[in-house]
Amino acid sequence: MSIMQCSFILLVFIGAVRSQVNPATCRYPLGMTGGKIQDEDISASSQWSESTAARYGRLDFDDGDGAWCPEANGPRRQMEFLQIDLRILHFVTLVGTQGRHADGAGNEFAQRYRIKYSRDGSRWVSWRDRKGSQIIEGNKNAYDIVLKDLEPPIIARFVRFMPITDPTASVCMRVELYGCEWLDGLVSYSSPAGEEMTIGGQQVYLNDSVYDGAMGYSMTEGLGQLTDGSWGLDDFTQSHVYGVWPGYDYVGWSNASFSSGSVEMTFEFDRIRNFTSMKVHCNNMYTSGVRIFQKVVCYFHSESDWEARPVSFKPIVDVTSPSARFVTVALGNRMANAIRCQFAFSDTWMMFSEIAFQSDTAVYNTSLVPTKRGHPTSTQPGLDPTHKTDDSNTRILIGCLVAVIVILLAIIIIILWRQVWQKMLEKASRRMLDDELSSHLSGHREPFSHRQSSLSSDSESTGTYERVFPLGFVYQEPSGLRKSPEFQAMENLAVMSESSDPHTSITKDDVPPYAETDVVRQQKATSSHCYSIATISMPPGRDGALEEFPREKLTFKDKLGEGQFGEVHLCEAKGMKDFMKDNGSDIGDEPILVAVKILREDATKNARNDFLKEIRIMSRLRDPNIIRLLAVCVESDPLCMITEYMENGDLNQFLSRHKLEDLGQDPEHTATISYSVLINMAAQIASGMKYLSSLNFVHRDLATRNCLVGTNYTIKIADFGMSRNLYRGDYYLIQGRAVLPIRWMSWESVLLGKFTMASDVWAFGVTLWEMVTLCKEQPYSQLSDDRVIENMGEFFRDQNKQVYLPKPLCCPDALYSLMHSCWTRNAKERPTFEQIHAALLECQAGNVLSDESDTNTQF
């Protein structure tokens, strides 16, 4: 547990709301089974007998006669209910039911049931699913527990289970509720009803379909889509939910329907609170006329009337990004039990999918007050819907809070002490690991061995790596061009000696599974583009050389991807001529394509500093084969960096559209490319990497997807590949914490977490293989991801069982030998980029890499 986590727990203890509820994790049992819900808070419309009273309706309990059972059969059976008072508002996402088994003595259960809920004990709402059905399928026997997700979830204090049975059948129930406390305190919001929109001949319904209040021209006294804990996608016509209509996630309004040019919404809360901020998730798909609100004015109601002094807020809108996002509105610690906000339009449409409030309660949280005793079972909770705070408890509450704070401070101190010891132990363990690995990593191998063998079919898959399909927050930003200082601490790992006996028996268990700790640590240190200036040789240049580019001159064209830092967009930039005057190219006044990296609005201070460090270093890189940073937008948020983007896109997609000229393809129907052009492009990549290696930069993600193609087959190395949805299959997730391109990585990078210039050379060999195959297949396409990792283990063992990438069709032997030299087991025996570049230049001149040449002595 980190200090930040402890701080979060502390804030929760003192009743501060920091984030909107997450339905995926808000699934805790609320106390029927565990006993947190007291007997006096469980009531029912009737009961068979005292031994089947409401208090026996607890899931998985067999007290009494084993369940709650309503009284004898009759026409009122459909009105019977078991009611639970949660004392305060809760966000309920799941319910569980069970029949009366009673060790085989009973066999009564509810095959179907309905749920009603209330926030105040007087107004009751029938729960409906997304299709409008009230019926929930229940149990098929008396002993199994059946769990049902409530989609949509409910926000309630009182919940009633109402069994549906044949009037002549007997029924009994045991139940549990699952969810978490509703810390927002919001009990209702009112607004104009959502409207319909027509786009491209498609009807988009932007109504609040799960609103549980009164519906008409306006919505009053209810909660719905804006408080369901789920926010909409960038494209408002799409949804997280399967099978729903376009626009389901959003509530939207047209500017034409409001003469005032704004939408007024009123939010009512359970008590007077001290409001710090409001978070509004807005759609910003401006290509369809949808934008974030231009301005919001909020009024506050406290004791008896609305205050005259409002809070006004204007969001800073990123004109280059159509992505939906949360806008945080500062409310200035105003005291209120109701808030009325007027959201002004900035375009034709305005759409919200979620609204959350952060506040400190102005009175003591009743969840900390001891539960009342002696509450009669027959008393209807609706007669006493709220708990009044007794002033005599004030001192007790303050004492409890002080005690909690002292305990948490003690926990923080203990955690810090443990972290210091863990670091000391980790250093000692690393020294032991160095000694152990040095004894194992000393096998002998024949250089440029072409032996290939399939992996054993009965070898077990470890399943450590899993393929990442959805592009989301688990993706890290591209590794970029950098060398982390932590690499220096592992320079002594995997020192390979040629003196060992090549026949030494090494079992599968001797292979390191993978260097998870090192890999994750390195990605955390480098995935946010944090260059370590202390460990690199900085190129000549001066800081602050980049000029501020006017944001209004950027026009969004396409979204290239999304990473840890933020989003990467393809934009059209006007007036870039003055920013490229020292680039040696005359672009005139025509707009050019650029790639724009945008820092997230919610980025931490460290991420912001890392982003600025990347700008500083990227601005000083000057090489014709490295993508160049052209300008920045740093005078206001969000921070942006603008880099070159080549007109022919990335090399992977470019080559996949071509055929080899040597294969005799019909040039009229198929675009062709010759080997000489491929060698020329490979030489450019090697030249760019030679420049980076001279500065001690380690790229860590060299591949055709990270090379851009310009006119006349110009190549420039970039780092957009990992953030692009197109290439999500090239990366693999390590236990939810890091993604790695394992099919391009050297064995020591996969197994030991060691990234060096030599590991970039390995990746260059794979990149060269991609180019010769014209990117028609993924490297090691015949192997699963687990088998790729097992193959790395064979490189570690060095028993000539490792599988190499096969020789591509029509590839000269000497060119394949060059690839093979990049995959030499001993990292020190691999060629340098300077040697590779020289060899490829000789190849262009026709002196080396001819069909029968031998490169064994080149390096």
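For clarity, every value in this text was computed on a predicted model and none was experimentally measured.
Proximity of a side-chain donor or acceptor of Asn625 to a complementary backbone N or O of Ile715 within less than 3.5 Å is detected. Counting only distance, with no hydrogens or angles, the side chain of His820 and the backbone of Ala814 share no donor-acceptor pair below 3.5 Å. A donor-acceptor pair under 3.5 Å links the side-chain atoms of Arg825 to the main chain of Phe796, judged by distance alone. A donor-acceptor pair under 3.5 Å is formed between the side chain of Trp769 and the backbone N or O of Pro806. Asp650 places no side-chain N or O within donor-acceptor distance of the main-chain N or O of Leu708, the cut-off being under 3.5 Å. Side-chain N or O atoms of Glu770 include none that pairs as donor or acceptor with a backbone N or O of Arg705 at under 3.5 Å. No donor-acceptor pair under 3.5 Å is formed between the side chain of Arg743 and the backbone N or O of Val788. In terms of modelled atom types and a separation under 3.5 Å, the side chain of Glu644 and the main chain of Arg628 share a donor-acceptor contact. Arg551 contributes no side-chain N or O that, together with a main-chain N or O of Cys640, makes up a donor-acceptor pair within less than 3.5 Å. Of the possible donor and acceptor atoms, one in the side chain of Gln835 sits under 3.5 Å from a partner among the backbone N and O of Thr832.
With a 4.5 Å cut-off on side-chain heavy atoms, Trp747 and Glu794 do not count as touching. No side-chain heavy atom of Glu614 sits less than 4.5 Å from a side-chain heavy atom of Asp610.
If you take OH on Tyr713 and CG on Leu678, they are separated by 9.5 Å, rounding to the nearest 0.5 Å. Rounded to the nearest 0.5 Å, atoms OG1 (Thr704) and CH2 (Trp744) are 7.0 Å apart. Note that CG of Asn791 and CZ of Arg787 are 10.5 Å apart. Values are rounded to the nearest 0.5 Å. With rounding to the nearest 0.5 Å, the separation of CG in Leu774 from NZ in Lys659 is 8.0 Å. Atom OG of residue Ser693 and atom CG of residue Asp760 lie 8.5 Å apart, to the nearest 0.5 angstrom.
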Chi angles and distances behind the side chain to side chain contact (heavy atoms under 4.5 Å, CB included) call for Phe755, Met745
CA-CA 9 Å; Phe755 295 85; Met745 289 168 58; 3.8 Å; yes
Does the pair Arg608 and Asp637 meet the rule for a side chain to side chain contact (heavy atoms under 4.5 Å, CB included), with working shown?
CA-CA 11 Å; Arg608 186 184 182 91; Asp637 288 331; 2.9 Å; yes
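Contact record, Asp623 with Gly688: OD2-CA, 3.8 Å, taken as the closest heavy-atom pair. Shown here for Cys775 and Ser656, the closest heavy-atom pair between the two residues is O-CB, 4.1 Å. Counting all heavy atoms, side chain and backbone alike, Tyr804 lies closest to Tyr816 at CB-OH, 4.2 Å.
Atom NZ of Lys557 has 12 or fewer heavy atoms from other residues, nucleotides or ligands within 6.0 Å. By the neighbour-count criterion of 12 heavy atoms within 6.0 Å, atom CD of Glu548 is densely surrounded, having more than that number from other residues, nucleotides or ligands.
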